[in-house]
Amino acid sequence: VIVDVGSAEDFPVDRPVVVSVDGREIAVVRRSAGDVYAIRNVCPHQMAALATGWVTPGLRSEIPGEMGFDDDVPVLHCPRHSWGYRLTDGASTADPSLRIRTFSTTCKNGRVLVDLGRR
Amino acid sequence: MPVYRGPVVDVDIHHRPKFPQREWAAYLSDEWKRTVDGEELPFYNIPITMGGAGTSIPYAGRRKDLGGDPGIVAGYDLVELQREYLDPVNVWRGILTYDTGDFEAGQNPYFTRDVCRAVNDWNLETWLGQDERLYGLIAVPTSWPEAGAAEIRRVGGRERFVGVLLSNNGLGIPFGHPVFHPIYEAAAELGLPILVHSTVGDRAAETAGGLSGNIVELISLHGERAMHMISSFIVHGVFEKYPTLRILLTEFGFTWLPGLVWRLDDQYPMLSRESPWVKQLPSDYIREHIRLGTQPVEDLGVPGGIGAIVETVEGAEDIICFSSDYPHFSMDDPSYLARVLPESWHRKVFCENAAAMFGFEPVPVGELAEVT
């Protein structure tokens with residue numbers, strides 16, 4: 001099921017916005033490049049609303065003491081304990097086996113569409 | 001009552017010169033000898049012990065009944081050590097840890113570098129090789145890690161040196177900080193583990209709250225320092241950078257381990273953001289890279305009590321290594337430890353864990369330690 005959740009302008013860049021679809025809360029994040037992500041609005045750690053957190057580029061490091069950003073893998077951080085989840089697939093940045101459901105999105109004619117089916 | 005009769009590896013046997021200022025001074029470089037000499041009975045200002053907590057403990061904190069002449073600080077006499085401890089306790093291998101590591105943190109880095117060289121040369125010439133059971137640690141100036149790395153490379157190839165001692169902290173920064181990494185690089189290069197020892201009067205890091213005014217305060221809180229060091233090694237990625245490095249922390253006790261592991265693992269999601277080079281759970285690093293000496297061990301008065309607490313950490317029996325602290329006043333005898341630890345842990349804790357860490361092999365089979 002594909003749902004129209006609003007105009008792209010309704011989603012300020014990197015500011016998660018909650019949309020409610022069929023009783024489910026989904027956090028929608030639009031990035032400056034125009035890509036849009038949708039993720040269940042709940043952190044499995046202590047059930048906080050993820051949309052009240054913040055978005056950063058992903059972090060990567062191959063050498064202790066050195067790190068870089070990975071803009072292709074944005075991360076939504078929970079406001080309570082800073083747990084991070086990759087918006088691309090919902091996986092925890094600490095433990096990839098911990099995963100929040102994400103949804104496919106598309107932008108069409110300035111509208112943001114969320115596919116509620118399985119990814 | 002559980003008893004252990006097998007071979008013992010003791011990772012904390014303190015030894016010292018009878019008169020440190022004079023005996024160590026004999027090994028100083030000519031430059032430093034000339035700088036500080038000039039009197040018939042010179043005072044070299046080598047930091048032997050900085051005092052601090054424990055001033056009420058007589059015999060300078062050493063056991064009066066050990067070491068020979070009670071008028072002289074115990075730990076200088078190898079024959080006494082053999083007679084009163086190594087032989088009756090069935091010590092198969094022992095790690096000599098110096099009396100205290102105060103001299104590693106002298107405030108003058110140049111002099112401290114020279115003192116560490118002198119101490120290592122003294123150790124090689126006067127102790128190591130005198131008893132087949134005993135092995136030594138390389139002393140390094142913790143106030144100057146680059147010089148410490150050079151010292152490790154200077155003497156690290158000598159077969160009786162089986163590790164590196166980090167005791168008093170000359171910089172006041174936890175030992176995981178990158179400033180100390182040259183020491184780990186050199187140690188890893190030579191396949192030498194690190195032994196971190198607790199301190200008395202370490203101005204930088206005796207306990208988390210500051211210097212203790214009383215020995216009970218200090219002993220009760222020894223674990224604080226170890227917890228901070230372990231956390232520091234992990235967050236700074238020491239084990240990612242030096243994947244073969246092993247670190248043993250001794251005279252901190254170990255019953256605090258579960259709380260530390262729980263807290264570190266709980267913080268892992270945050271850790272992966274602040275230290276993205278940390279690729280494993282802290283508990284996994286601890287299991288693979290960290291070992292803990294046993295002493296001082298609390299007697300909970302409940303059979304199996306300590307085991308019940310510590311075994312909440314998976315693999316805890318592989319982490320803990322027997323340490324006596326001979327001949328200091330808070331020394332733990334192996335028979336005492338055997339009573340408070342689960343019997344199924346004995347062989348690992350008293351022998352196998354430390355033997356694996358320091359490369360002592362083959363581990364004797366059966367009860368008696370055949371010294372080779």
Side-chain angles (χ1 to χ4, degrees), chain A residues 14 16 27 29 31 37 39-102, chain B residues 145-146 149 173-189 194 229-245 247 261-290 314:
Chain A
D14 283 350
V29 175
R31 307 228 62 217
Y37 301 89
I39 187 169
R40 283 292 301 273
N41 184 34
V42 61
C43 175
H45 179 216
Q46 293 188 12
M47 304 302 154
L50 274 178
T52 52
W54 65 97
V55 178
T56 67
L59 272 179
R60 55 183 161 74
S61 171
E62 301 308 321
I63 301 168
E66 294 180 18
M67 63 172 96
F69 289 114
D70 193 346
D71 273 312
D72 294 335
V73 188
V75 174
L76 176 56
H77 299 271
C78 177
R80 286 205 197 165
H81 299 90
S82 290
W83 287 31
Y85 300 93
R86 298 192 304 225
L87 284 169
T88 48
D89 61 2
S92 157
T93 54
D95 175 6
S97 69
L98 178 64
R99 193 175 287 251
I100 301 177
R101 183 158 181 213
T102 55
Chain B
E146 292 281 359
I173 306 167
F175 283 143
H177 191 282
V179 75
F180 290 105
H181 291 194
I183 288 175
Y184 309 135
E185 184 176 330
E189 193 179 295
I194 304 289
M229 294 297 172
I230 293 170
S231 309
S232 172
F233 291 133
I234 291 171
V235 304
H236 289 293
V238 168
F239 303 122
E240 286 294 330
K241 210 165 165 182
Y242 311 106
T244 59
L245 191 68
I247 298 177
V261 167
W262 300 334
R263 297 240 12 130
L264 283 173
D265 278 0
D266 189 55
Q267 295 299 315
Y268 185 59
M270 171 75 100
L271 182 61
S272 67
R273 199 161 70 84
E274 282 211 89
S275 299
W277 45 84
V278 175
K279 308 292 186 191
Q280 299 178 43
L281 276 174
S283 55
D284 291 334
Y285 287 117
I286 289 171
R287 261 189 295 278
E288 188 177 345
H289 296 274
I290 295 289
E314 186 188 340

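Quick note on labels: first sequence line is chain A, next is B, and so on, each numbered from 1.
With a threshold of 4.5 angstrom between heavy atoms, A:S92 does not approach chain B through any atom at all. Only the backbone of B:H236 comes within contact range of chain A, with heavy atoms under 4.5 Å apart. Only the backbone of B:E274 has a heavy atom closer than 4.5 Å to any heavy atom of chain A.
Heavy atoms only, all atoms of each residue included: A:P64 and B:G237 are closest at CG-O, 3.6 Å. The shortest heavy-atom contact between A:W83 and B:P269 is CE2-CG, 3.1 Å. A:S61 and B:K279 get closest at one heavy-atom pair: O-NZ, 2.5 Å.
Between B:E240 atom CD and A:I63 atom CD1 the span is 11.5 Å, to the nearest 0.5 Å.
Counting heavy-atom pairs under 4.5 Å between each of A:E66, A:R60, A:H81 and chain B puts A:E66 at the top.
Applying the 6.0 Å contact sphere to CD of A:E62 captures no more than 12 heavy atoms from other residues, nucleotides or ligands.
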